[in-house]
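Some notes on the structure that comes next.
Every heavy atom of this structure was used, including side-chain atoms; hydrogens, water molecules and symmetry mates were not.
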Amino acid sequence: MSAKKASKPSGKPKSAKAPQKLKNTPFWIGFDLGGTKMMASVLDANYNVLGSARKSTNGSEGAAKGRGKISKAIHEAIAEAGVNPKSIQGIGIGCPGLVNPERGILIHAPNLGWTNMALRRLLQNEFKCPVTVLNDVDAGTYGEYALGAGKGARSLLGVFPGTGVGAGFVYNGQLVMGRAISAMELGNLPLPGTHIGSPVFGTVMLEDLTSRLALASQAGLACYRGQLPDLDKKTQGALRNIRSKALSAAFHSGEEAAMVMFRNSIRYLGMGVAYVVNLLAPDRITLGGGLVEELPNLYLNLLKEEVDRYAIPELAKGVRYNLAKLGGQAVAVGTVAWMRNEKK
């Protein structure tokens, strides 16, 4: 067998791949700092998403590591969008807890364990642009008011059951906040009752009865007792594994334990929302978050029933209910929309 002739080198070096030309499009960063995950989104002037990057939050790893992840996610999102970093117009970040919007500080994020994080200073120093810091549900509610399900409303109450239970309220284009602190902490309404984790005996916080975390805790207990066998098989009854999709599947299984916990949870949520209806009389209520996305009809219909049960009838009858339209981009869009509209 004759040997193959070795091919001769052409003598011309292979040309390196030309670097991609960066787009000089003006852009904003909308950042959703969630209890479970964080996401940076690059938005153009029409709120189109040009690129994004996600990371797990893992608040237990500490605030210092969290700050590094926030910065890294923004850089990665800019790189994915292929935009010139110098074209950045501003950063809006929504945080899961109390914030000081005037000073740009995350005061306390209970589900992360982070306190007094100077986010505006951190991000301005690194990215050299204006920075707005909002509560995440305030941001999501404002996004829906300006560009989503609340468009055209005079007043909008946004309710988002998630790791906790957050709410935001927009009245005539303005977020309802304190002078130097976010407000509308619906999940922290104390109700008569207790459980062994209650910090104050004889009271229980609304979100301890109505959040995804609350439902997952109860579902884990039901798994242990053999009341939700399918869920136990899928998740081993582990709290970290019982997410919104798994809870939805448990509800659709028709098991009594799942029916009872969802009915009770939404009834308590209805009590909390009725307080807001009685105080502020919104003309629209928008529901969002992972649980609502998985079980939209259950939350829309049952929550309205419960609010009608507990609110003043004349105030409750004028409320329209709908589902959030912006999905996972609500917080990102809302922070940027608030920043841009505040400048006008």
Closest contact, heavy atoms only, Gly92 versus Thr335: O-OG1, 3.1 Å

With a 3.5 Å cut-off and no angle check, do the side chains of Ser182 and Asp138 form a donor-acceptor pair? no

If two hydrophobic side chains count as joined below 4.5 Å and joins carry through other members, does Leu231 share a cluster with Leu291? yes

Quick one about Asp283 and Ser155 (side-chain donor to acceptor, distance below 3.5 Å, no hydrogens or angles considered), yes or no? yes

We want to know whether Asn301 and Asn297 form a side-chain donor-acceptor pair, criterion being a heavy-atom distance below 3.5 angstrom. no

Tell me, with the steps shown, if Thr286 and Asn322 meet side chain to side chain donor-acceptor pair (under 3.5 Å). CA-CA 5 Å; Thr286 293; Asn322 60 16; 2.7 Å; yes

Any side-chain to backbone donor/acceptor pair from Asn58 onto Ser60? Under 3.5 Å, distance only. no

Please check if any side-chain donor atom of Glu126 sits under 3.5 Å from a side-chain acceptor atom of His75, or the reverse. yes

Indicate, with yes or no, if Val165 and Leu191 share a hydrophobic cluster defined by side-chain heavy-atom contacts under 4.5 Å among Ile, Leu, Val, Met, Phe, Trp and Tyr. yes

Please name the pair of heavy atoms, one in Pro161 and one in Tyr299, separated by the smallest distance, quoted to 0.1 Å. CG-CE2, 4.3 Å

Check whether any side-chain heavy atom of Trp28 lies under 4.5 Å from a side-chain heavy atom of Ile88, and answer yes or no. no

Side chain proximity check, Leu43 to Ile29, heavy atoms < 4.5 angstrom: no

Rounded to the nearest 0.5 angstrom, the OG1-CG distance for Thr115 and Leu106 is 8.5 Å

Validation row: Phe160, Asp136 side chains within 4.5 angstrom (heavy atoms): no

Check ion pair Arg267-Glu305 (N to O, under 4.0 angstrom): no

To the nearest 0.5 Å, what is the distance between NZ on Lys21 and CG on Asn84? 10.5 Å

I'd like to know if the side chain of Ser265 and the backbone of Phe262 have a donor-acceptor N/O pair within less than 3.5 Å. no

Using only atom types and a distance under 3.5 Å, with no angle test, would you say the side chain of Asp44 pairs donor to acceptor with the backbone of Asn48? yes

How about Tyr268: does its OH atom have over 12 heavy atoms from other parts shown lying under 6.0 Å from it? no

Backbone N/O of Val204 and side chain of Asp208: donor-acceptor pair under 3.5 Å: no

Is the closest basic N to carboxylate O distance between Glu76 and Lys55 below 4.0 Å? yes

Ser41 and Gln329: side chain to side chain donor-acceptor pair (under 3.5 Å), yes or no, with the steps? CA-CA 8 Å; Ser41 297; Gln329 291 294 340; 2.9 Å; yes

Spatial distance of atom CG (Leu156) from atom CD1 (Ile285) [nearest 0.5 Å]: 9.0 Å

Are Leu215 and Leu303 linked, directly or through intermediate hydrophobic residues, by side-chain heavy-atom contacts shorter than 4.5 Å (ILVMFWY only)? yes

Output, in order, the C-alpha distance, side-chain angles, deciding distance and verdict of salt bridge (Lys or Arg N to Asp or Glu O under 4.0 Å) for Asp308 and Lys304. CA-CA 6 Å; Asp308 288 348; Lys304 183 182 184 310; 2.9 Å; yes

Can you measure from CD1 (Ile107) to CG (Asn116) and round to the nearest 0.5 angstrom? 7.5 Å

Using modelled atom types and a 3.5 Å cut-off, is there a donor and acceptor pairing between side-chain atoms of Arg67 and backbone atoms of Met117? no

Do you see a donor-acceptor pair shorter than 3.5 Å between the side chains of Asn341 and Tyr142? yes

CG of Asp230 to CD of Glu255: how many Å apart, nearest 0.5 Å? 6.5 Å

Working to the nearest 0.5 Å, report the span between NZ of Lys245 and CG of Leu295. 10.5 Å

Give a yes or no on whether the backbone of Gly290 and the side-chain of Arg243 come within a donor-acceptor separation of less than 3.5 Å. no

Which heavy atom in Ala149 sits nearest to a heavy atom in Leu323, and how many Å separate them? CB-O, 3.2 Å

Decide yes or no for Ile93 and Thr132: does some side-chain heavy atom of the first lie under 4.5 Å from some side-chain heavy atom of the second? no

Arg309 atom CZ, neighbour heavy-atom count above 12 within 6.0 Å: yes

Where do Arg212 and Thr36 come nearest, in terms of heavy atoms and distance? NH2-OG1, 3.7 Å

Quick one, Leu157 with Leu280, criterion side chain to side chain contact (heavy atoms under 4.5 Å, CB included). Give me CA distance, side-chain angles, the key distance, then yes/no. CA-CA 9 Å; Leu157 170 65; Leu280 297 174; over 6 Å; no

Check: Asn100 side chain, Ile105 main-chain N or O, donor-acceptor pair, under 3.5 Å: no

Under 3.5 Å side-chain donor-acceptor pair for Glu293 and Ser244: no

For the backbone of Gly59 and the side chain of Trp114, can you confirm whether one donor and one acceptor N or O come within less than 3.5 Å of each other? yes

Looking at every non-hydrogen atom in both residues, tell me the closest pair between Ile266 and Glu306 and how far apart they are. O-CG, 4.0 Å

Side chains of Cys129 and Ile91: closer than 4.5 Å at any heavy-atom pair? yes

How about Arg263 and Phe251: do any of their side-chain heavy atoms sit closer than 4.5 Å? no

On a heavy-atom basis, the closest approach of Thr57 and Lys69 is O-NZ, 3.6 Å

Please check: side-chain N/O of Arg54 versus main-chain N/O of Met39, any donor-acceptor pairing under 3.5 Å? no

So, the side chain of Glu314 versus the backbone of Ile312: is there a donor-acceptor pair under 3.5 Å, distance only? no

Path from Phe31 to Tyr47 over hydrophobic side-chain contacts below 4.5 Å: no

Applying a strict under-4.5 Å side-chain criterion to I, L, V, M, F, W and Y, I'd like to know whether Ile74 and Val133 cluster together. yes

Against the six-membered ring of Tyr145, is Arg284 placed for a cation-pi contact (under 6.0 Å from the centre, within 45° of the normal)? no

Would you sort out whether Glu144 and Lys151 count as a side chain to side chain contact (heavy atoms under 4.5 Å, CB included), showing the intermediate values? CA-CA 7 Å; Glu144 293 293 342; Lys151 203 168 180 181; over 6 Å; no

Do the side chains of Leu98 and Glu185 get nearer than 4.5 Å, heavy atoms only? yes

